[in-house]
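Scope of the values below: all heavy atoms of this structure, side chains included, with no hydrogens, waters or symmetry mates.
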Amino acid sequence: MGFKILGISSGRPMGNAEVMLRECLMECEKLADCEVRVTRLRSLKIEEFMGDYSCLLDAAEGGDGRDAFQDDLEWLKEQILWADAIIFSSPDFTYMPTSEVLKLLNRGIGIGQSYMKACREAKKPVGFIAVGGSDTVDFHLPLLYAAMQAICPGFHLVDQFYANWIRGKGYIALQDEHMSRARLQAKRMINYLNGYPVPAIKTVIRKLNPMEHNDDDYVYLEECPVCHSSVVEMHNNAFEAGTFKCAICGARGRVVSHNQVMTYEWDDDTVAHNKMHADHDLEYPQLYKKAQALIDGPKMPVAEFPMITPANDSEREKPYIMALVAGPHGGTSELLARKALETATQNGKYDGIIVNILDLKIGICTGCLLCKVNSRYRGGIDECVIKDDDHWLIDKFMDASGVIFSVDNVNGFTYSRFASFWQRFGHFTKTKGQMRIPAPYIFMVSSFDDQVTNATFGMRHTSNFFCKFGPKVAEELFPFVPMMGDNILADAKAMGRAAGAGAQLGMAVDAISMNPGFMGLLRPVNGMCPSCGMNLIELHPDMTVSCPLCDAHGTFKHIFGENDIEWDDYSVKHSRFTEFGAMLHFRHINYSQIDDKNALENPKVLEEELKKYKEYGKLVKPER
């Protein structure tokens with residue numbers, strides 16, 4: 001009996017990610033006796049997590065902790081248990097995997113204790129393929145790891161790689177440097193299944209050099225020994241000691257200097273026991289139960305504000321400040337947003353409105369890139385062809401004088417619905433985004449554990465574009481807080497922080513109305529990117545660092561007995577979030593990353609090359 005290999009494809013059918021996956025699987029069949037199955041996430045009916053945490057309470061009280069959904073996730077779990085090995089391939093949509101992948105990450109909350117135990121006993125070998133049209137892929141593989149850990153806990157990562165600077169749909173079939181890398185992953189997977197040693201994972205990204213006329217750089221990543229993520233979280237109060245925490249698994253490390261040579265040193269205890277460890281399967285529900293416990297003390301009142309949807313929206317006489325919430329109605333994120341909105345609008349000059357993204361119909365980005373084709377090749381505007389509430393929400397951003405982002409952390413990230421929204425902002429940035437003045441904004445992230453920073457990644461990206469690069473005036477992270485009910489109202493400290501952030505936003509809105517050049521109150525601190533304010537840093541083996549969001553970079557220095565980052569002025573001033581940097585990174589559009597045969601150099605050759613992949617069957621899906 002041969003090996004059973006499951007290929008999971010995200011993104012467009014027969015897009016670049018699926019072509020790479022099929023090449024890898026075809027090579028597996030050449031190297032060994034294999035039974036192969038391929039499934040497309042887009043063809044599966046998997047419901048979004050919508051804020052029902054009752055499955056965690058069930059697990060905390062001795063139950064299995066499986067959620068109540070009846071959908072195709074159960075079928076996918078059966079396929080995972082069937083397989084001896086898994087290859088997971090996803091295109092990069094705006095810095096990260098598709099929202100279909102992030103949906104799996106969310107649903108891991110209710111995957112079930114018995115299923116998790118079966119996966120950990122099997123210790124499935126897995127390979128990741130991340131495909132991107134540009135170099136904005138830094139957070140892609142870490143989130144693929146987190147999503148796979150959510151639906152197949154305890155897996156073993158055999159190989160992973162980025163294939164970026166890809167051209168049009170399917171064009172990767174003509175880029176042998178990428179196709180050969182897919183075949184190499186197949187070889188490593190078969191060797192692993194046969195019991196042979198495989199090389200240590202060394203991940204590299206082809207980066208656009210910010211010096212416009214220089215060749216691209218091939219940047220190697222320092223990898224967490226647990227999850228192979230290169231993205232770590234720096235805390236200002238811990239940074240002076242050179243300490244950091246892996247943004248995905250929580251393993252800790254520090255920067256050490258020996259004879260003026262700086263290296264990374266990982267902590268053995270947290271490498272052995274972290275968020276990926278089997279103990280965490282039982283600890284996680286207990287954290288939720290503990291956070292939900294009643295808080296002693298009087299409950300602080302909060303003002304009421306209208307909850308707006310496209311169905312009940314109407315014209316307003318006064319300008320407004322908008323709170324965009326991602327969390328259950330009446331939950332912690334909404335209550336914190338209401339308190340911040342109360343103080344932001346206390347001068348009476350502005351109305352306050354709340355939009356809960358879970359109330360809106362926002363479809364996933366299909367990757368069609370017709371927004372780019374229409375604007376650049378057909379004389380139209382950058383407008384998404386999907387007609388849903390995304391357009392209405394963009395208009396609300398355009399007209400808002402200030403914005404409050406208040407979201408739940410859901411299993412290490414925020415809601416996949418939120419991801420669907422920001423992954424479709426491409427059609428916004430070149431047209432509607434130029435029609436407004438910058439809007440100041442604040443972030444608030446609520447979590448019943450301490451994994452709160454990752455949820456700000458997508459929000460910071462969203463706000464920089466939808467708020468037209470407006471100033472961030474406050475950022476508040478709320479770990480170990482209740483997610484449901486009104487317990488948070490008795491937490492005077494948390495409510496006070498929300499009120500303070502709202503007051504700062506109100507002052508910034510007033511200031512920017514009088515001076516459009518106002519750049520906010522919050523300044524970057526040590527360990528925070530000076531360009532975009534991100535406190536997630538990407539480590540490189542040569543002791544350089546880069547921001548995974550805006551790509552500003554610097555170097556670790558040991559100065560006067562302290563570890564510090566010396567940021568490169570040019571990369572800060574020309575990061576992805578500057579006008580020059582944004583223009584430079586649209587190079588991948590001009591690099592023919594458009595689904596338009598007129599933009600492809602060899603359409604007939606491409607069609608012939610893709611024929612063998614289209615004829616390669618193996619597709620499986622649930623019977624309905």
Side-chain angles (χ1 to χ4, degrees), residues 48 50-51 93-96 98-99 102-103 305-316 319-329 333-334 337-338 340-341 344 350-366 370-371 381-408 410 414-445 455-470 472 505 509:
E48 293 179 275
M50 298 294 283
F93 282 5
T94 318
Y95 289 78
M96 59 194 67
T98 65
S99 58
L102 299 175
K103 188 191 301 183
F305 292 93
M307 191 72 67
I308 303 300
T309 67
N312 66 4
D313 194 15
S314 59
E315 294 291 330
R316 286 173 180 76
Y320 63 85
I321 296 174
M322 179 176 74
L324 182 62
V325 174
H329 285 290
S333 289
E334 181 185 309
R338 284 165 58 186
L341 204 53
Y350 303 91
D351 285 336
I353 65 171
I354 299 177
V355 176
N356 193 320
I357 202 164
L358 302 185
D359 292 337
L360 306 182
K361 181 181 178 182
I362 297 179
I364 63 172
C365 176
T366 64
L370 285 175
C371 54
I381 64 170
D382 291 4
E383 186 169 56
C384 183
V385 296
I386 302 173
K387 304 303 180 183
D388 57 17
D389 295 342
D390 175 83
H391 298 262
W392 173 83
L393 185 53
I394 286 174
D395 288 339
K396 303 314 293 182
F397 268 104
M398 285 176 59
D399 296 336
S401 299
V403 180
I404 297 167
F405 295 90
S406 185
V407 305
D408 288 359
V410 184
T414 189
Y415 286 84
S416 59
R417 180 76 57 87
F418 207 112
S420 296
F421 173 57
W422 76 63
Q423 288 182 354
R424 285 174 56 195
F425 77 78
H427 64 281
F428 168 84
T429 56
K430 287 293 181 181
T431 53
K432 293 181 178 180
Q434 296 175 348
M435 298 163 59
R436 54 159 302 147
I437 63 172
Y441 57 92
I442 61 176
F443 291 149
M444 295 190 295
V445 182
T456 69
F457 185 90
M459 284 200 304
R460 185 171 283 106
H461 189 38
T462 305
S463 61
N464 271 288
F465 284 98
F466 287 106
C467 297
K468 188 56 179 168
F469 302 96
K472 180 181 69 172
L505 178 64
V509 169

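- With sequence neighbours excluded, no residue satisfies salt bridge (charged side-chain N to carboxylate O under 4.0 Å, His left out) with Asp389.
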Worked verdict on Ile308 versus Met322 for side chain to side chain contact (heavy atoms under 4.5 Å, CB included):
CA-CA 10 Å; Ile308 303 300; Met322 179 176 74; over 6 Å; no
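- Between the Ser333 side chain and the Asp408 main chain, a donor and an acceptor come within less than 3.5 Å of each other.
- Legend: residues meeting side-chain hydrogen bond (donor to acceptor under 3.5 Å, both in side chains) with Ser416, ordered by chain and number and at least two apart, are Glu48.
- Inter-residue side-chain proximity for Val445 and Thr414 is flagged as unmet; no heavy-atom pair is nearer than 4.5 Å.
- Atom CD1 of Ile353 sits about 5.0 Å away from atom OH of Tyr320, to the nearest 0.5 Å.
- Residues Ile386 and Thr366 form a side-chain contact, since some pair of their non-hydrogen atoms from C-beta on lies under 4.5 Å apart.
- Separating the CD atom in Gln423 from the SG atom in Cys365 is a distance of 6.5 Å, to the nearest 0.5 Å.
- A salt bridge is absent between Asp399 and Arg316: the closest approach of a Lys/Arg side-chain nitrogen to an acidic carboxylate oxygen does not fall below 4.0 angstrom.
- Taking CD1 from Ile362 and CH2 from Trp392, the interatomic distance works out to 9.0 Å, rounded to the nearest 0.5 Å.
- At a threshold of 4.5 Å between non-hydrogen side-chain atoms, the residues Leu360 and Pro310 count as touching.
- The heavy-atom pair separating Phe418 from Ala326 by the smallest distance is CD1-CB, 3.8 Å.
- At least one side-chain heavy atom of Ile354 sits under 4.5 Å from a side-chain heavy atom of Leu341.
- Looking at every heavy atom in both residues, Pro328 comes nearest to Leu358 through N-CD1, 4.4 Å.
- Taking 4.5 Å as the limit, some side-chain heavy atom of Trp422 sits within range of a side-chain heavy atom of Met96.
- Scored by the side-chain hydrogen bond (donor to acceptor under 3.5 Å, both in side chains) test, Asp388 finds Arg424 as partners (sequence neighbours excluded).
- By the salt bridge (charged side-chain N to carboxylate O under 4.0 Å, His left out) test, Asp359 pairs with no residue at all, sequence neighbours left out.
- Here the CG-OG1 distance, from Asn356 to Thr309, works out to 11.0 Å after rounding to the nearest 0.5 Å.
- The six-membered or imidazole ring of Phe443 lies near that of Phe405, with a centre-to-centre distance under 6.0 Å.
- Residues passing the side-chain contact (heavy atoms from CB on, under 4.5 Å) test with Ala344 are Ile321, Leu505, sequence neighbours excluded.
- Taking 4.5 Å as the limit, every side-chain heavy atom of Tyr415 sits out of range of all side-chain heavy atoms of Val407.
- Atom OG of Ser420 and atom CG of Asp390 lie 9.5 Å apart (nearest 0.5 Å).
- With sequence neighbours left out, Arg338 forms a salt bridge (charged side-chain N to carboxylate O under 4.0 Å, His left out) with Glu304, Glu334.
- Atoms CZ and CG, on Phe305 and Asp351 in that order, are 9.5 Å from each other to the nearest 0.5 Å.
- A donor-acceptor pair is defined here as one N or O able to donate and one able to accept, closer than 3.5 Å; no such pair exists between the side chain of Arg417 and the backbone of Met50.
- Ser401 approaches Pro319 most closely through the heavy-atom pair OG-CB, 3.5 Å.
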Between Phe421 and Leu393, does the side chain to side chain contact (heavy atoms under 4.5 Å, CB included) criterion hold? Intermediate values first, please.
CA-CA 9 Å; Phe421 173 57; Leu393 185 53; 3.6 Å; yes
